[in-house]
Amino acid sequence: MLSLFGVGAVLIFINFISLRQAVTPEPMLGRMTSTVRWLILLPAGPGALIGGWLGEHVDLRASLVFSGSVCLLMCAVAWHWPVIRSVKVLPKPQDTVPGTQAVDEATT
C-alpha cells in the first residue's frame, strides 16, 4: 500500500503543482504555496484526533471503512468534475498581479 501511495502521490502532485504554478502570477507564487500548505495541513490535527476517537469509541473497522468510503467518493467527484477534466494543456502564466505595475527586467 505504501508503494502504491508513493507512486500515486508523485503522479498527483506533479499535475497539481504544475497547474497551480501555471495559473499563478510569479510574484504571488510564494504566497500561494504557503496558503495551500496551510489549507492542506490545517485539518490534519483535528482529523487525527477525530479518527482516533472514532477508532477507540465506535469501532476501528467501521472508522476505516467510513474514511475509505469518503476518500473514494471524493475521488469519484474529482474524476467527474468538468473543470478539472477539461484542462488538457497548461494555461500561460500571467506576468503581473492585477493592481500592480509590471517590473521591466532590463531595469532590475
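Keep in mind that what you see is a predicted model, and the values were worked out from it rather than measured. The analysis underlying the following values was restricted to heavy atoms, covering all of them including side chains, and did not include hydrogens, waters or symmetry mates.
The distance from atom CE of Met32 to atom CZ of Arg37, rounded to the nearest 0.5 Å, is 9.5 Å. The structure places OG1 of Thr33 at 8.0 Å from CD1 of Ile17, a figure rounded to the nearest 0.5 Å. Once rounded to the nearest 0.5 Å, the distance linking CE of Met74 with OG of Ser69 reads 13.0 Å. Distance CG/Leu19 to OG1/Thr24: 8.5 Å, rounded to 0.5 Å. Taking OG of Ser18 as the reference point, atom CZ of Phe13 lies at 12.5 Å (rounded to 0.5 Å). For the atom pair Phe5 CZ and Ile12 CD1, the distance stands at 8.0 Å (nearest 0.5 Å).
The two residues Asn15 and Leu11 come nearest to each other via the heavy atoms ND2-O, 3.1 Å. For the residue pair Ser63 and Gly55, the shortest heavy atom distance occurs at OG-N, 3.4 Å.
Both Leu29 and Phe16 are assigned to one and the same hydrophobic cluster, defined by single-linkage of ILVMFWY side chains at heavy-atom distances under 4.5 Å.
Within 6.0 Å of atom CZ in Arg20, more than 12 heavy atoms from other residues, nucleotides or ligands are found, so the atom counts as buried in its surroundings.
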